[in-house]
Amino acid sequence: MKDLGDLLTCPVPLAGNATVLLAHGGGGRLTRDLVERLFLPRFRNRWLEPLHDGALLDRPGSRIAFTADSYVVRPLFFPGGDIGSLAVHGAVNDLAMCGARPLGLSAAFILEEGLAMETLERVAGSMAQAARLAGVPIVAGDTKVVDRGRCEGLYVSVSGVGVVAPGVTISPLAARPGDAVLLSGPVGSHGIAVLSAREELGLELEVESDSAPLWSLVERMLGVSKQIRCLRDPTRGGLATVLLEIAAASGVGMRIEERAIPVEDGVRAACEVLGLDPLYVACEGRLCAVAAPAVADPLLEAMRAHPLGRRSARIGEVVAGEAGEVTLRTVIGGERALDLLSGEQLPRIC
């Protein structure tokens, strides 16, 4: 068993570093700084500025959603999934968070010399199955091979294109005071599943990744009402980070009830042992929705009737207040302010 102190020690990085740190990819404060201070000023345009899960491109008679993501998870295979199915689910979910029905994906592979062909076959087979189940074809791709030691087996980059139905307008800028905040299921399962597979912790855990394609759930929700303001999947940085990002982008505050947030027993136990906060642990098959109060209950009913949303919950509301301020009412009745992670809680979870 590894020493937990060694595992969890991570110096708090400071802004303005001369080199890239792992925490720049962790979904927290340094990721935001990297995007806002380096990439956004150089690439700025009206499609990029909302910093949504995908770009919405207006075309005559339709709106197209476009997304891109890369996957470097270690290990390649973990309880409940692998890098192949995760890559497909991630692209499908980014499109779904824009309210877009996926049309097609591309898959680019970076392979390390010496990778077992059997491993590549397993990953490709898993991707193919995940794409079939999600109802989206893989229509283009690329392959590169690098020298031994230049990557950890293989990395996958997936891009996706989808179409947004008329009348659907989902944006991280759209939350309004009085809106309801909904969550589709227990948080933190993916991060803990990957961690348990990667590290020799000596913990007897029965936790599987929640990795799943969310378009069918979103489609069900849109069939109930198009008054869904925002959709986000809480991946890197977890639920807390997503709430903070929506609140900041929309210029509102949020009040969240900790008691209402579902957490699996195994995830909660692992977080208690490791000193982690499950609100910051990644999911890969959950969504957070902000919806007009009048449609919150019908949406929640529809979500609970779907296999991927059986444990959906109303976890809070949007309030008028300081932009980006999210307060959590704890299970013991106190309140604490949520904040972006300064370092990286769990590296390499996607």
Side-chain angles (χ1 to χ4, degrees), residues 50-58 62-67 89-103 134 160 162-185 187 212-235 239 241-257 260-262 283 285-320 326:
L51 296 180
H52 202 353
D53 284 323
L56 293 173
L57 308 175
D58 294 322
S62 66
R63 280 188 302 151
I64 299 296
F66 177 76
T67 189
H89 295 163
V92 168
N93 294 348
D94 281 349
L95 294 171
M97 297 308 101
C98 299
R101 176 172 58 86
L103 295 179
V163 62
V164 182
V168 175
T169 304
I170 295 173
S171 168
L173 311 177
R176 299 291 181 265
D179 287 347
V181 182
L182 311 177
L183 178 66
S184 69
V187 299
L214 292 170
W215 167 244
S216 61
L217 175 58
V218 172
E219 187 176 33
R220 178 79 60 87
M221 295 168 67
L222 289 172
V224 172
S225 175
K226 292 184 171 62
Q227 294 187 61
I228 301 172
R229 317 273 202 213
C230 311
L231 287 173
R232 292 293 298 272
D233 54 336
T235 55
L239 175 64
T241 299
V242 161
L243 296 174
L244 288 160
E245 289 175 347
I246 293 174
S250 295
V252 297
M254 289 186 184
R255 291 200 186 108
I256 305 298
E257 295 288 336
I261 300 172
C283 311
R286 306 292 182 220
L287 66 81
C288 179
V290 177
V295 302
D297 288 340
L299 279 174
L300 194 57
E301 182 179 353
M303 292 167 71
R304 288 172 174 169
H306 190 281
L308 294 176
R310 291 193 178 113
R311 293 184 62 185
S312 296
R314 185 171 182 164
I315 64 169
E317 64 176 346
V318 178
V319 298
V326 179

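Side-chain atoms are counted along with the backbone in the values below, which use heavy atoms only and exclude waters and symmetry mates. None of the values given here were measured: they were computed from a predicted structure.
Side-chain contact between Cys288 and Leu243 is present, with at least one heavy-atom pair separated by less than 4.5 Å. Within the 4.5 Å cutoff, side-chain heavy atoms of Ile170 are placed close to those of Leu222. Contact check for Cys98 versus Leu56: side-chain heavy atoms found under the 4.5 Å cut-off. Residues Met221 and Leu287 form a side-chain contact, since some pair of their non-hydrogen atoms from C-beta on lies under 4.5 Å apart. Side-chain atoms of Val318 and Ile246, non-hydrogen and from C-beta on, never get closer than 4.5 Å to each other. Ile261 has its side chain within reach of Leu239: a pair of non-hydrogen atoms, C-beta onward, lies under 4.5 Å apart.
By the salt bridge (charged side-chain N to carboxylate O under 4.0 Å, His left out) test, Arg255 is found to be paired with no residue, residues two or more places apart in sequence or in another chain being considered. Residues meeting the salt bridge (charged side-chain N to carboxylate O under 4.0 Å, His left out) test with Asp179, sequence neighbours left out: Arg229. In this structure, the side chain to side chain donor-acceptor pair (under 3.5 Å) partners of Glu245, at least two apart in sequence or on a different chain, are Arg232.
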What donor-acceptor contacts under 3.5 angstrom involve side-chain atoms of residues 295-310, with partners at least two apart or in another chain?
from	atom 1	to	atom 2	distance (Å)
Arg304	NE	Ser312	O	3.0
Arg304	NH2	Ser312	O	3.2
His306	ND1	Leu308	N	3.0
His306	NE2	Ser216	OG	3.0

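Remark: the backbone N or O of His89 is not paired with any side-chain donor or acceptor of Asp94 at under 3.5 angstrom.
When every heavy atom of Leu183 is checked against every heavy atom of Pro262, the shortest pair comes out as CD2-CD, 3.8 Å. Taking both residues in full, the closest heavy atoms of Val92 and Ala134 are given as CG2-CB, 4.1 Å, listed atom of the first, atom of the second, then distance. Between Ser225 and Gln227, the shortest heavy-atom distance links the atoms OG-N, 3.0 Å. Residue Pro234 comes nearest to Val242 through the heavy atom pair CA-CG2, 3.5 Å, listed as atom of the first residue, atom of the second, then distance. Here the closest non-hydrogen pair linking Pro102 and Trp215 is CD-CG, 3.6 Å. Residue Ala313 comes nearest to Ala260 through the heavy atom pair CB-O, 3.5 Å, listed as atom of the first residue, atom of the second, then distance.
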Item to check | Test log, rule side-chain contact (heavy atoms from CB on, under 4.5 Å), inputs Val181 and Met254 | outcome: CA-CA 9 Å; Val181 182; Met254 289 186 184; 4.3 Å; yes

Next on the checklist: Walk me through whether Val164 and Thr169 qualify under side-chain contact (heavy atoms from CB on, under 4.5 Å).
Outcome noted: CA-CA 9 Å; Val164 182; Thr169 304; over 6 Å; no

Item to check | CA sep, side-chain torsions, deciding dist, call: Ile228, Val290, side-chain contact (heavy atoms from CB on, under 4.5 Å) | outcome: CA-CA 6 Å; Ile228 301 172; Val290 177; over 6 Å; no

Checklist entry - What's the verdict on side-chain contact (heavy atoms from CB on, under 4.5 Å) for Met97 and Leu214, showing C-alpha distance, side-chain angles and the deciding distance? => result CA-CA 9 Å; Met97 297 308 101; Leu214 292 170; 4.1 Å; yes

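Listed by first and then second residue, the salt bridge (Lys or Arg N to Asp or Glu O under 4.0 Å) pairs that reach into residues 164-176 come to none, sequence neighbours excluded. Sequence neighbours left out, not one pair with a member in residues 162-175 passes salt bridge (Lys or Arg N to Asp or Glu O under 4.0 Å).
Rounded to the nearest 0.5 angstrom, Ile256 CD1 and Ile315 CD1 are separated by 4.5 Å.
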